[in-house]
Protein chains: 2
Amino acid sequence: MARDLVRLSDVAKAAGVSQGTASNVFSRPDLVRPEVRERVHQTARDLGYAGPDPRGRLLRAGKSNAIGVATAEPLSYFFEDPFARVLMQGISEACDARGAGLALVSARNSERLAWNIQSALVDGFVLLCIENGEKLVELTRERQLPFVALALGKPDDTISAIGVDDYAGAQMAARHLAQLGHRRFGILGLELDDAHEGPVGSAAIAAATYSTSRDRAYGYFEELALYGIDRETIPIYETRSTAESVRRGLDYILTAGERPTAILAMSDRVAMFALEILAERGLSVPEDISIVGFDGVPEAATVNPPLTTVVQPIAEIGRRAVKTILEHDGGVHRESLPLELLVRNSTAGPSARS
Amino acid sequence: MARDLVRLSDVAKAAGVSQGTASNVFSRPDLVRPEVRERVHQTARDLGYAGPDPRGRLLRAGKSNAIGVATAEPLSYFFEDPFARVLMQGISEACDARGAGLALVSARNSERLAWNIQSALVDGFVLLCIENGEKLVELTRERQLPFVALALGKPDDTISAIGVDDYAGAQMAARHLAQLGHRRFGILGLELDDAHEGPVGSAAIAAATYSTSRDRAYGYFEELALYGIDRETIPIYETRSTAESVRRGLDYILTAGERPTAILAMSDRVAMFALEILAERGLSVPEDISIVGFDGVPEAATVNPPLTTVVQPIAEIGRRAVKTILEHDGGVHRESLPLELLVRNSTAGPSARS
DNA sequence: GCGTATGCTTGAACCGATTCAAGCGGTCAT
DNA sequence: ATGACCGCTTGAATCGGTTCAAGCATACGC
């Protein structure tokens, strides 16, 4: 009924103490004589006081004791996407441990996103730069709060960021396949620029907005070059991480030249779609074709066949991000975490029939 | 560097306008003459003003434009548990649509939980009462904000709640099995009270703290009674939703009397654990034994065999919860959503060999 | 030239707490 | 008896905005 009618000053007045004392009763009880303390508590109860309003406290204290995780995807992304989920587990673990709250910030349209970022009651941001990462960084920077970018597209030394060595990871994947004896490859890539899909050449890669895709591509190329494979002969298709997009990508890759015996996928998600589609077409993995993913999401272990992939320490990235925001409060902090190749059953040597 | 040094009043002073006007420049630009507006903006830029601080606005406006989702589980629960994830998808969808923010509130120990609830900057709470639900309700009630309880243990007409008709759902499950011809059952239950596990009888069920478990049990019983099955002959084991617990439950159920031909599980999670354990023991489902779950989480469709289950409109529950908080601001709002039996492959008629 | 409508701008009140220097009564040591 | 000190309480300042009634030009109609 009577919402928020009674405030600390009302309680103080009714109990016959100063507001300062009343405040102490709730925030620093040991400073108040037990007798007075009890009287104030009783008065508060009688009046139906809801306890110190965090809004007032916030203004005074300055800190909201919560961190925000922002992305340009819809909010449900946090609960759906395998990568995001593992990341959030790391983040929430770190928040739990530090007693910090967690606010999810996002929006589809950029106007609302801007507003949400401006008005989020947090002490810092973790930025999930999946798509439209630069916009996100720009908006957050205006807020003048500490933030750390994850998987940022463009490397920008002026902002804190935590990431992985995409280049080295891609090399591991390529090396694994090359050592298995593969010589004909196809690449299922991620977005190089916003809203694009299709076959791409070296030029497009060099001009990529997102360094993640570019670095992975270069890692593949450089490693394969050691085995005498010319990058120009490798079909590469930029997908949009949807089943349909991967289907088109596979079509292209499998028919662009002589059929590859191995596929390098830039994410587990893409690799898993590819697995399904290959099965539909009667191609068996790894007998007919090998495939290696990237990311190391949990689902990759349970698909059929279990996916060989380059695993990122996803949860650890999340933990470090929180730590960075809460502790490294001052300057720029950049960190690159190691990657690891996890060989499962989606890769094998090229068989005679290929 | 210079953090938060410049405030609206500084900008106003520097630009030679009143603070009121400066405020309008940012919040209601159309009220200010373009020329002045531009001058203020320019001054703000020169001074490095970060824009109106949400803390100040919050205090004045009263609304934080965010809802909190609280539970007594650790924060990572939101990203791990299948039920919670689908629920959060519904919640986040509704928040997105209304432009509301989302804050996750939780803590393992109840002291911290209390603090987190008291200090959360939100306009209302959705309470995920999994465990320790009453404590959660009590803490939230003190805050005097609108809230709605989900899956509340004890029915309490004085609080808003959204749930499902557990009783009817359980009936559907039991009826399905009975009509298939089953006459010997075992029940894998959920918690009746905190921190308990083991075989239970009618008395314990009647005295349950959590109505969810009780209602489901009664639904099973009443329906089976129609087929002449005495509830006292049905072994029922209260599990704790872990693999080990389910293993012990299964041990009990399978050996308490003549082996059942069908198992009624009070959650998909429990049913899925049971599926694994039965497979280990060489019992095939549904040939040797049928099993039906409860909840309808997405994973239930992909296990082997796909699980017959009673599906809850989980995401819809989430959506309605948000709607209730944001719109039904005043009184108590109680709602019960319909359940549906989804027959997949974990159930069949009892075979000759059983 | 006068009254009035129009359109910005101002100044002050207010949102709900926390904090801290100063005050005050009483105790203790000398 | 005096001064130092202790423990609790007070009052006022502060946090950073928003809002609204009132004020002040300027332009307009007649």
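Every chain is numbered from 1 and lettered A, B, ... according to where its sequence line falls, protein lines coming before strand lines. Given the structure is predicted, the values throughout are model-derived calculations rather than measurements.
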Item to check | Verdict with supporting geometry, B:Arg55 and B:Leu58, side-chain contact (heavy atoms from CB on, under 4.5 Å) | outcome: CA-CA 5 Å; B:Arg55 293 178 302 216; B:Leu58 172 62; 5.6 Å; no
Checklist entry - Could you go step by step and tell me if A:Arg141 and A:Glu138 meet the salt bridge (charged side-chain N to carboxylate O under 4.0 Å, His left out) rule? => result CA-CA 5 Å; A:Arg141 176 179 268 149; A:Glu138 188 190 323; over 6 Å; no
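Aromatic pair B:Tyr49/B:Phe26: centroids less than 6.0 angstrom apart.
Here the P atom of nucleotide C:dT18 and the CG atom of A:Leu31 are 12 Å apart, to the nearest Å. Taking atom NZ on B:Lys63 and atom P on D:dT19, their separation rounds to 14 Å, with Å as the unit. We find that CG of B:Leu59 is positioned 10 Å from C1' of D:dT18, with the value rounded to whole Å. Distance, B:Lys13 NZ to D:dG17 C1': 15 Å, rounded to whole Å. For the pair B:Arg28 CZ and D:dG17 C1', the interatomic distance rounds to 13 Å; values are reported in whole Å. Rounded to an integer number of Å, the gap from A:Glu38 CD to D:dC8 C1' is 17 Å. In this structure, the CG atom of B:Asp10 is 10 Å from the P atom of D:dC15, given to the nearest Å. Note: CG (A:Asn24) to P (C:dA21) measures 14 Å, nearest angstrom.
Look at A:Ser27 and you'll find a side-chain N or O under 4.0 angstrom from OP1 or OP2 of C:dT18. In terms of phosphate contacts, A:Thr21 brings a side-chain nitrogen or oxygen within less than 4.0 Å of OP1 or OP2 of D:dT10.
Ranking C:dT9, C:dA13, C:dT18 by closeness to the B:Arg33 side chain, first place goes to C:dT9. Of the listed nucleotides (C:dT9, D:dG16, C:dA17), C:dA17 has the atom at the smallest distance from the side chain of A:Leu8. Here the side chain of B:Pro52 is nearest to one of C:dT10, D:dG17, C:dT19, namely D:dG17. Closest approach to the A:Arg57 side chain among C:dT18, C:dT19, C:dC15 is made by C:dT18 (side chain taken as heavy atoms from C-beta onward). Closest to the side chain of A:Arg7, from the set D:dT19, C:dT9, C:dG16, is C:dG16.
Although no hydrogens or angles enter the test, the distance criterion places no donor-acceptor pair under 3.5 Å between the side chain of A:Ser110 and the main chain of A:Leu113. No donor-acceptor pair closer than 3.5 Å links the side chain of B:Ser27 to the backbone N or O of B:Asn24.
Contact of B:Gln19 with D:dG17 (side chain to base): a donor-acceptor pair of N or O atoms is detected under 3.5 Å. Interface remark: the B:Arg60 side chain does form a donor-acceptor pair with the C:dC14 base, using a distance-only criterion of under 3.5 Å.
Closest-nucleotide positions on DNA chain C for A:Tyr49 and B:Arg39 were compared, and the one nearer the 5' end corresponds to B:Arg39. Across the interface with DNA chain C, nearest-nucleotide mapping of B:Val32 and A:Gly56 shows B:Val32 to be the residue nearer the 5′ end.
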